[in-house]
2 protein chains.
Amino acid sequence: MKIGELAKATDTQVETIRYYERIGLLSAPGRSAANYRIYDPSHRSRLSFIRHSRQLGFTIDDIRSLLDLADHPERDCAEADNITTRHLRQVEAKISHLTRLRDELVRVSGRCRGGLSSDCQVIETLADHGHCTAKHE
Amino acid sequence: MKIGELAKATDTQVETIRYYERIGLLSAPGRSAANYRIYDPSHRSRLSFIRHSRQLGFTIDDIRSLLDLADHPERDCAEADNITTRHLRQVEAKISHLTRLRDELVRVSGRCRGGLSSDCQVIETLADHGHCTAKHE
DNA sequence: GCTTGACCCTGTAGCAGCTACAGGGTGCAT
DNA sequence: ATGCACCCTGTAGCTGCTACAGGGTCAAGC
C-alpha cells in the first residue's frame with residue numbers, strides 16, 4: 001500500500017509516518033518505480049502498535065523499547081511491565097498536579113465579580129502569590 | 001538589581017528572564033555602564049505576575065492578555081475571567097483525558113503475569129487495539 | 001599588579017513530537 | 001492536454017524554556 005492508504009488505515013498523518021521513518025521508529029519500506037513508499041502488512045501492524053502506544057501517552061523512547069521487546073520473544077516480559085508501570089506513575093503524578101491546579105483556578109476565577117479590571121480579583125491574585133491557599137509549582 | 005538577583009528573588013532562571021525579554025513579555029530594563037541589565041521593583045512585580053501565571057498553567061499568550069488588562073484598569077474585568085475560565089476548562093479536559101489514560105494503563109499493566117515477552121499481554125494489548133475497553137485518543 | 005572566580009553579555013542550537021510549508025515529480029481521468 | 005490528487009525531499013515552525021560557546025566585567029585575595 002502507498003503512504004496515503006497506510007495513513008488512512010492507521011488514522012495517522014502522512015507526515016507523521018515519514019517522521020517515524022526519519023527517526024528510525026518505523027523501518028523504511030520498499031519503493032515503487034516512481035520512488036513511492038510501498039508498505040506491507042507488517043508495516044501496518046507496527047504502525048498500529050506505535051500509534052496505540054502514543055495514544056496511551058508512551059514516549060517515543062518507551063515505544064522503541066517496547067517494539068524491541070516485541071521483536072525478541074525470548075526476553076523477559078517484566079521489562080514491558082516496568083515501562084508501563086513507570087509511565088502509569090507519571091500519568092498519576094500529572095493528574096494530581098493538574099487537580100491542584102484546577103482547584104486553585106476555581107478559587108481564582110470565583111473571585112471575579114465583574115466590573116473594572118482595576119478592581120479585578122483575578123489579576124490581583126495573579127500579582128500577589130500570597131493570595132493563594134496552596135503552594136503550587 | 002542585576003539579573004541574577006532578580007532571578008533569585010522571583011525563583012526564575014536567568015536564561016528564562018532573558019527569554020521573556022526576547023519575546024517581549026518583560027520589557028527591556030536599563031543597562032549599566034558595563035551593559036548589565038538593571039531592574040527596578042516594577043520589573044520584579046511584573047515577573048512575579050508572569051511566573052505565578054505560568055505556575056497556574058496559563059500560556060504565554062494568555063499572560064500577554066492578562067498583563068495588558070492589568071495595565072489598563074479602565075477595561076472590563078470580564079476578559080480576565082474569560083481567560084481564566086477557558087483555561088480552567090482546558091485543565092479539566094486534560095484531567096479527564098489523563099484519567100481515562102490511567103484507567104487503561106492500569107488495565108494493561110494488570111495483565112502482565114511475568115514470563116516471556118512472546119506471551120506478554122502488555123505487548124499483545126498494544127499491538128491490538130481491540131483489547132481495549134474504551135476508545136482513547 | 002595579577003589572578004581567580006562569580007557574575008554578566010550575545011547568539012545559536014536543542015528538547016518532544018509532530019505539523020506545515022515550498023518546490024518539485026507521478027499517475028490517472030476527462 | 002490538462003487538471004487534480006497524490007507522492008517526493010528538505011527545511012522551518014510550534015511551546016517554553018534550557019544549555020551551551022565564546023567572550024567581557026568586577027571585586028577579593030595574594
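All values below come from the heavy atoms of this structure, side chains included, with hydrogens, waters and symmetry mates left out.
A distance of 4.5 Å separates OG1 of A:T10 from CG of A:L6, quoted to the nearest 0.5 Å.
A straight line from CZ of B:R31 to P of D:dG24 spans 16 Å, rounded to a whole angstrom. Taking atom CZ of A:R37 as the reference point, atom C1' of D:dC6 lies 13 Å away to the nearest angstrom. Protein atom OH of B:Y36 is 9 Å distant from nucleotide atom P of D:dA27, rounded to whole Å. Atom-to-atom, CD of B:E15 to P of D:dC17 comes out at 12 Å; the value is rounded to the nearest Å.
No contact: A:R64 has no heavy atom under 4.0 Å from any strand. Here A:S32 lies out of heavy-atom contact (under 4.0 Å) with every strand.
Bounding nucleotides for the chain B contact on DNA chain C, 5' to 3', at a heavy-atom distance below 4.0 Å, are C:dC7 to C:dT10.
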Under the side chain to side chain contact (heavy atoms under 4.5 Å, CB included) criterion, do A:V91 and B:T99 qualify, and how do the steps go? CA-CA 8 Å; A:V91 170; B:T99 303; over 6 Å; no
So B:R89 and B:E92, salt bridge (charged side-chain N to carboxylate O under 4.0 Å, His left out) or not? Walk me through it. CA-CA 5 Å; B:R89 295 285 163 268; B:E92 281 169 342; 3.1 Å; yes
List the steps and the verdict of side chain to side chain contact (heavy atoms under 4.5 Å, CB included) for B:Y19 and B:R22. CA-CA 5 Å; B:Y19 168 71; B:R22 202 162 58 243; 3.6 Å; yes
Got a list of side-chain donor-acceptor pairs under 3.5 Å for residues 31-44 of chain A, not counting sequence neighbours?
residue, atom, partner, partner atom, Å
A:R31, NH1, A:N35, O, 2.9
A:R31, NH1, A:N35, OD1, 3.4
A:S32, OG, A:A34, N, 3.2
A:S32, OG, A:Y36, N, 3.1
A:R37, NE, A:E21, OE1, 2.8
A:D40, OD1, A:S42, N, 3.1
A:D40, OD1, A:S42, OG, 2.7
A:D40, OD1, A:H43, N, 3.3
A:D40, OD1, A:H43, ND1, 3.2
A:H43, ND1, A:D40, N, 3.4
A:H43, NE2, A:S27, O, 3.4
A:H43, NE2, A:S27, OG, 3.4

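Listed for the A:E104 side chain is no donor-acceptor partner under 3.5 Å among the backbone atoms of A:L101. Formation of a donor-acceptor pair under 3.5 Å by the B:E79 side chain with backbone atoms of B:D76 is not found in this model.
Put simply, the side chain of B:Y20 and the base of D:dG16 share no donor and acceptor less than 3.5 Å apart.
Checking B:Y20 against B:R54 by side-chain atom types alone, no donor-acceptor pair falls below 3.5 Å.
Of all heavy-atom pairs spanning A:I123 and B:L69, the tightest one is CD1-CB, 3.6 Å.
Each of A:V14 and B:Y19 lies near DNA chain D, and the nucleotide nearest A:V14 is the one positioned closer to the 5' end. Each of B:R22 and B:R18 was assigned the nucleotide of DNA chain C with the nearest heavy atom; the assignment lying further toward the 5' end belongs to B:R18. Residue order along DNA chain D, read from the 5' end via each residue's closest nucleotide, puts B:R54 first among B:R54 and B:A33.
Taking every heavy atom of residues 1-11 of chain B and every atom of DNA chain C, pairs under 4.0 Å involve B:K2, B:I3, B:G4, by number.
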